[in-house]
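Okay, so here's the structure we're looking at.
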Amino acid sequence: MRKFLGGLFFLLLVAAGLGYLLYPILTDQYSKYQKTEKIDAYLANVEAMDASKREEILSAAERYNESLNAILVLDVFSKNQTAPAIAQAPTESPEPPEETPEPETEAAEAPPESPEPPEGTPEPETEAAEAPPENPEPPEETPESETEAAEAPPESSEPAEKTPPAYQQQLRTNSGVMGILEIPRLGIRLPFYHLYDGKSVHDEVVHLEGTSLPVGGKGSHCVIAGPGVQPAPEGVLRDIGLTSARMLGDIGKLTAGDLFILKVADRTMLYQVARVWSVSSNVLDQLEMEPGEDIVTLMTADKDQRQLVQGRRIEISRASAELDAAEVATVPPDWLNIIIFGSPVLLVGFMVMFVIERVKQRSFRLPGEKKKRNR
Amino acid sequence: MEIYHPEEKEVLREMRRVRRKAKRERLGRGLLIWLALGAITGWLVFNRFYTLAWVQGPAMNDTILSGSLVVCKRNNGMQPSQGDLVLFEHGEEWQIKRVIALEGDRVVVSRYGEIRINGRVLEEDYTYGHAEDTGILARRVNVPERQLFVAGDMRSLSVDSRFSNYGTVPEESVVATAEYVIWPLYRFGRVAPAEKTEEIPVIEETPAPSVAPGSETAMPTSMPTSAPAENGGKK
């Protein structure tokens with residue numbers, strides 16, 4: 001009996017150890033599998049669209065981008081911003097984050113062609129509480145004063161032809177996915193979404209509103225943020241420090257010169273990493289548009305630090321050297337080959353040994369030993 | 001002379017001890033033999049028949065994702081056939097690409113990425129996406145003897161025989177043919193392009209909030225409610 005318990009204990013120990021090692025890997029694989037399904041659905045959706053519809057979506061997004069002339073990056077990872085897009089009654093004092101835009105008043109003061117509030121403008125708390133549940137960044141050609149916006153009844157007049165639709169309608173497809181982010185070097189392939197579209201930056205990769213839409217173009221700067229390495233679900237597994245999906249947690253490993261790819265509708269955009277750095281959460285407003293440049297910044301959170309990776313667009317047609325260099329197949333070390341190709345034989349061997357043991361056990365029964373029930 | 005007559009219990013105990021010892025020896029020997037056998041087979045298979053390859057890069061998406069571990073069958077001088085995914089030496093590195101055309105074929109690459117082989121349009125159902133982004137010039141290639149015309153499945157992100165500075169690939173440089181994916185786990189199995197979905201799946205409908213969110217005034221949300229959209233039309 002004691003021997004049996006000892007064996008059981010040993011087995012449990014081995015199983016626990018293996019589980020501890022494999023859990024993060026397997027959960028990451030599972031999450032990637034789920035993401036792949038979303039990606040495939042998106043690609044199928046896009047392919048099924050009319051070419052003219054795709055064109056329309058992209059050009060609407062381009063018009064939207066033209067209407068921006070500064071980007072505003074909020075620290076979406078901070079706790080105040082976690083609320084998903086669930087309608088709630090306005091509370092007395094919703095805590096506004098430090099870097100919140102005050103859209104209406106700012107817009108009124110800003111020159112008419114800049115509907116974007118300048119970045120990093122702190123919003124007074126009272127104003128936030130009083131502000132109507134309005135689109136804080138109306139992508140409109142004409143700015144409106146706060147009172148106007150608040151009092152204006154929803155007019156039924158159709159939007160003018162040229163006005164780009166509101167942010168949430170941009171790059172809209174059936175699948176809800178906005179586009180796909182691929183980082184070949186890290187094996188990352190993730191769909192990204194509109195922020196607050198039922199998606200939180202804590203579990204999905206999202207495009208940040210207030211930055212250019214990911215359709216490229218000179219003078220655009222698109223910021224895509226995603227969670228870092230996800231902890232295991234609440235409970236014991238998390239308490240012992242296990243992680244699950246890795247998400248964007250590894251982007252700090254990128255170095256200048258690496259490539260990443262955005263796929264939006266049928267447009268494929270290639271970016272080359274120019275800069276990798278990390279900042280503390282309250283200096284995010286460094287991100288700016290650069291005229292004539294096409295920039296995408298990837299962002300992830302590691303506690304109070306924000307890991308940023310900035311890539312500059314390179315035309316695919318001019319990037320053949322880079323793409324060629326990125327394409328490498330390497331043969332893993334010999335021992336891995338030997339283990340993998342030898343393991344079937346080993347498996348068969350263990351089975352044979354097991355059978356032999358059973359046979360021997362049966363034939364060498366001592367007097368007084370009962371025949372084990374047919375097992 | 002007195003002979004010690006052991007009790008039955010003692011005899012049994014001794015017999016059990018002997019049996020245990022025999023078992024331990026047997027197991028140890030078995031383990032050693034099978035480990036050795038496994039290692040030898042593994043080494044032989046690796047040297048003669050198969051090799052693993054760790055594939056990086058976007059060119060073979062969605063057939064072989066970047067970061068995949070692939071089992072490749074060594075060619076050992078066999079001529080690859082059309083459609084094979086070949087592992088070949090390219091400069092100092094190795095690459096994996098799909099064989100599009102064999103020696104003697106006449107390949108025409110149009111500016112829009114369409115490939116014709118001997119006048120027939122190549123059916124490309126490997127991937128989604130288009131090749132229009134690539135800067136290939138229209139080109140006509142007669143694949144020379146003992147050469148292969150290869151291309152990546154993700155045409156728009158692949159640099160391959162369609163480019164004049166890449167050219168065709170000599171058959172001798174082909175090392176192996178990719179057959180099985182073992183990593184990532186969710187792609188475990190025979191190398192195959194991602195299955196295209198026939199119907200268009202709608203994964204999730206966008207939740208269109210009917211009530212304007214109050215607590216989110218401080219957030220950069222713009223809900224697709226009617227009010228902001230229509231205000232947009234005001235000039």
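By convention in this document, chain letters (A, B, ...) are assigned in the order of the sequence lines, proteins followed by strands, and residues within each chain are numbered from 1. Predicted model only: the values in this text are computed from it and were never measured.
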Contact origin within A:Leu336 toward chain B - heavy atom pairs under 4.5 Å:
both
Go through A:Ile25, A:Ile261, A:Val328, A:Ile183 and name the one with the most non-hydrogen pairs under 4.5 angstrom from chain B.
A:Val328
Backbone of B:Arg98 reached by a side-chain donor or acceptor of B:Asp84 within 3.5 Å:
no
Taking side chain as everything from C-beta outward and backbone as N, CA, C, O, which of these in A:Thr36 sits under 4.5 Å from a heavy atom of chain B? Side chain, backbone, both or neither.
side chain
Interface moiety of B:Leu27 toward chain A, non-hydrogen atoms closer than 4.5 Å
both
Most chain A-contacting option - heavy-atom pairs closer than 4.5 Å, from B:Val175, B:Ile40, B:Asp160, B:Val45
B:Val45
Given B:Thr41, B:Val55, B:Leu52, the one with more heavy-atom pairs under 4.5 angstrom with chain A than any other is B:Leu52
Given that the side chain runs from C-beta out, which part of B:Tyr166 has a heavy atom under 4.5 Å from chain A: side chain, backbone, both or neither?
side chain
Cut-off 3.5 Å, side chains only: do B:Thr63 and B:Asp153 have a donor facing an acceptor?
yes
Will you find, in the side chains of A:Asp324 and B:Gln95, an N or O donor that is under 3.5 Å from an N or O acceptor?
yes
Answer yes or no: is there a donor N or O on one side and an acceptor on the other, between the side chain of A:His194 and the main chain of A:Val177, under 3.5 Å?
no
Region of A:Val46 that comes under 4.5 Å of a non-hydrogen atom in chain B:
neither
Tell me, for A:Arg189 versus chain B, whether the close heavy atoms (under 4.5 Å) come from the side chain, the backbone, both or neither.
side chain
Donor + acceptor pair across side chains of A:Tyr33, A:Gln29 (<3.5 Å)
no
Let me know if B:Leu65 has heavy atoms under 4.5 Å from chain A in its side chain, its backbone, both or neither.
side chain
Quick one: of A:Thr330, A:Leu346, A:Val345, A:Val352, who has the most non-hydrogen atom pairs under 4.5 Å with chain B?
A:Thr330
So, the part of A:Lys32 with a heavy atom under 4.5 Å from chain B: the answer is both
Select one option (side chain, backbone, both, neither) describing which atoms of B:Val71 are under 4.5 Å from chain A's heavy atoms.
side chain
Chain A contact via B:Glu93 - which portion, at a heavy-atom distance below 4.5 Å
side chain
Contacting region of A:Leu26 [heavy-atom separation from chain B under 4.5 Å]
side chain
Whether B:Ser158 side chain and B:Ala59 backbone form a donor-acceptor pair below 3.5 Å
no
Side chain, backbone, both or neither: which part of A:Glu327 has a heavy atom under 4.5 Å from chain B?
both
Against chain A, work out which of B:Phe49, B:Trp183, B:Trp43 has the most heavy-atom pairs shorter than 4.5 Å and name it.
B:Trp183
Check this for me, if you would: do B:Arg17 and B:Glu14 make a salt bridge, where the nitrogen-to-carboxylate-oxygen distance has to be below 4.0 angstrom?
yes
Residue selection (most heavy-atom pairs with chain A, distance under 4.5 Å) from B:Leu31, B:Leu87, B:Leu44
B:Leu31
Can you tell me how far the CG atom of A:Leu323 sits from the OG atom of A:Ser317, to the nearest 0.5 Å?
10.5 Å
Quick check for you: among A:Ala329, A:Gly342, A:Ala319, A:Ala321, which has the greatest number of heavy-atom pairs under 4.5 Å with chain B?
A:Ala329
Please answer whether the main-chain N or O of B:Ala151 pairs with a side-chain N or O of B:Arg162 as donor and acceptor at a distance below 3.5 Å.
no
Under a 3.5 Å threshold, yes or no: a donor from one side chain and an acceptor from the other, between B:Thr177 and B:Asn75?
yes
Ignoring hydrogens and geometry, is there a side-chain-to-backbone donor-acceptor pair from B:Ser161 to B:Gly167 under 3.5 Å?
yes
Counting heavy-atom pairs closer than 4.5 Å to chain A, which one of B:Met15, B:Lys23, B:Arg26, B:Glu8 comes out on top?
B:Arg26
Which atom of B:Phe149 lies closest to which atom of B:Val141, heavy atoms considered:
CE1-CG2, 4.0 Å
Pick from B:Ile96, B:Ile64, B:Leu35: which one has the most heavy-atom pairs with chain A under 4.5 Å?
B:Leu35
Under 6.0 Å from the ring centre and within 45 degrees of the ring axis: does the NZ or CZ of B:Arg74 meet both conditions for the six-membered ring of B:Phe46?
yes
